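Each remark here refers to the structure printed beneath this line.
It should be emphasised that the depicted structure is a prediction, and the values quoted were computed from it without experimental measurement. Just so you know, ligand 1 is whichever comes first in the structure, and atom 1 is the first atom listed for that ligand. Side-chain atoms are counted along with the backbone in the values below, which use heavy atoms only and exclude waters and symmetry mates.
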Amino acid sequence: MTSSPQINAQRLLQRIADFASIGATQAGGVNRQALSVEDRAARRLLAELAFARGFNVYQDAIANLFISRAGRDPSLPPVLIGSHLDSQPTGGRFDGALGTLSAFEVLEALQDAGVVTERSVEMVSWTNEEGSRFSPGCMGSMAFVGVGDIAGWRDTRGTDGTRLGDELAATLKALPEAKMQPVGHAVSSFVEVHIEQGPVLERAGIPIGLVTSVQGTRWLEVSFIGEAAHAGTTPLEFRKDPMAAAVAAIAQLQLVVMPADPMARLTVGRMSVEPSSVNVIPSKVTFTIDIRHPSKELLSSIEARIDAECRTSAKRHMVDVLIEKRFDLAPGKFDTTVVDVIDSACERLCVPNMKIVSGAFHDALFVSRVAPTAMIFVPCRDGISHNEAEFVTSENIETGAKVLLETALSLARGAMTSYFPSARRPRHLPMSKRAVRKARS
Ligand code: HGY
Ligand code: MN
Ligand code: MN
């Protein structure tokens, strides 16, 4: 007996509260960094909820966690929905968790209503979207689409000195009931719900963002290498001070990059000093630079400017400089057909929406390389995110999940062409006209 599936808002809100208690911080946020004990606890909780429902639970070698609800035709690649459970060290309780738990709520709503979908509907929690503990970000989705290097990442050291390979092995081992499966499988489409992490939707009073594209991101790690010396006895002309070089370069970049281009973003988020002693001129100063822009060409010109300013400052302060690229995520557009399916879902639900470009990167940007993909944004208070004060109203949480359910149902009905994450396959083919009609009906 099937009824029309409904989002159970109370259940979803409770889930979000339950997961927020894993890695909860004093200030009301979460510290649930990738592959940490807290991340494993969240994966365990999600898997147990899935087992209780009789869903299929499996993971791959980079610890992406998949939960599948079988459809009528198992030969058809599934509709995939989901996001990530890892957080920033002082993250909010909604970044990633909202999309992951909304996806689980969709599976539960389908189950409660006894709906049989043509395609399986599958959800995923991607590993290490944030890239804060272990760089780069989006490791799980990068590996899934064939551009990640799991073996090459194993010796990466985290900000806490741990080795990624050890933490990954412990994470996989912590969930032995999740069957292992190869990295990367065909999916017919992917949709991710996420908070906007900016102020646009809230200011416009619009509850749903149809994300059409994501700006590009690059992460650089800059090290100035000088000579440790005595703080008291070393006159200026004898100093080879990497801190002086770093401060000058950063000050100059802050002056010339963002003021010159309102679309540009440049952030120095982390700095380390060696030997880090109050009365020693440092021997080495290392800091990260996160740059963003919708244009790949302008990202490259910002990167070139960073290189020039750092080399000039190194020369002036008689130190060496080393610049390494840690992450390079090109700007990308989402699939207009999937955006339209989300738009039609909003129409049927009488939910206003607006198109929006994402300033934050997301796993969906990588997945869009192998399957028709789009995102659903919900507003967050004052646009605050990557901050423990991150907040989303219950109403917006419910609306986002309802639109995801309606979208997943449309996509699970449609007979979209499947995609295989392999370098050989061209970018995905457009949906057939019949599939579009079916998906949008
Ligand atoms: O940094 C980002 O854009 C994402 O929120 N991790
Ligand atoms: Mn996120
Ligand atoms: Mn984030």
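Because the distance cut-off is set at 2.8 Å, D95 qualifies as a neighbour of the Mn ion (ligand 2) through one of its N, O or S atoms. H84 lies close to the Mn ion (ligand 2), since one of its N, O or S atoms is found at a distance under 2.8 Å.
When heavy-atom distances to ligand 1 are checked against a 4.0 Å cut-off, H362 has no atom that comes that close, whether in backbone or side chain. Neither the backbone nor the side chain of R265 has a heavy atom within less than 4.0 Å of ligand 1.
In the vicinity of E129, heavy-atom distances shorter than 4.0 Å reach the ligand 1 atoms 4 (C), 6 (N). Within ligand 1, counting atoms from 1 as listed, the ones closer than 4.0 Å to a heavy atom of Q197 are 5 (O). If you number the atoms of ligand 1 from 1 as listed, the ones under 4.0 Å from a heavy atom of E130 come out as 6 (N). Atoms of ligand 1 found under 4.0 Å from any heavy atom of A360 (numbered from 1 in listed order, with element): 3 (O), 5 (O).
Ring geometry for F66 against Y58 counts as parallel: the plane angle stays under 30°, on a 0 to 90° scale with 60° as the upper cut.
Looking at L46 and F104, their side chains come closer than 4.5 Å, going by heavy atoms from C-beta outward. In this structure, the side chains of R218 and R326 stay at 4.5 Å or more apart for every pair of heavy atoms.
Between R292 and ligand 1, at least one pair of N/O atoms sits closer than 3.5 Å. For ligand 1, the polar-atom distance check against F361 finds a nitrogen or oxygen pair separated by under 3.5 Å. Considering backbone and side-chain N/O atoms, H386 comes within less than 3.5 Å of an N/O atom of ligand 1. Residue D95 has no N or O atom closer than 3.5 Å to an N or O atom of ligand 1.
Going from atom CD1 of I7 over to atom CG of D112 covers 10.0 Å, rounded to the nearest 0.5 Å. Between the CH2 atom in W126 and the CG atom in L80 there is a gap of 5.5 Å [rounded to 0.5 Å]. A distance of 8.0 Å separates OG in S125 from CD1 in I67, rounded to the nearest 0.5 Å.
Although no hydrogens or angles enter the test, the distance criterion places a donor-acceptor pair under 3.5 Å between the side chain of S120 and the main chain of G71.
Using a cutoff of 4.0 Å between basic side-chain nitrogens and carboxylate oxygens, E398 and K402 are scored as salt-bridged.
Distances from the Mn ion (ligand 3) to the N/O/S atoms of E130 are shortest for OE2.
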Verdict with reasoning, R348 to S410, per side chain to side chain donor-acceptor pair (under 3.5 Å): CA-CA 11 Å; R348 288 193 296 279; S410 303; 2.9 Å; yes
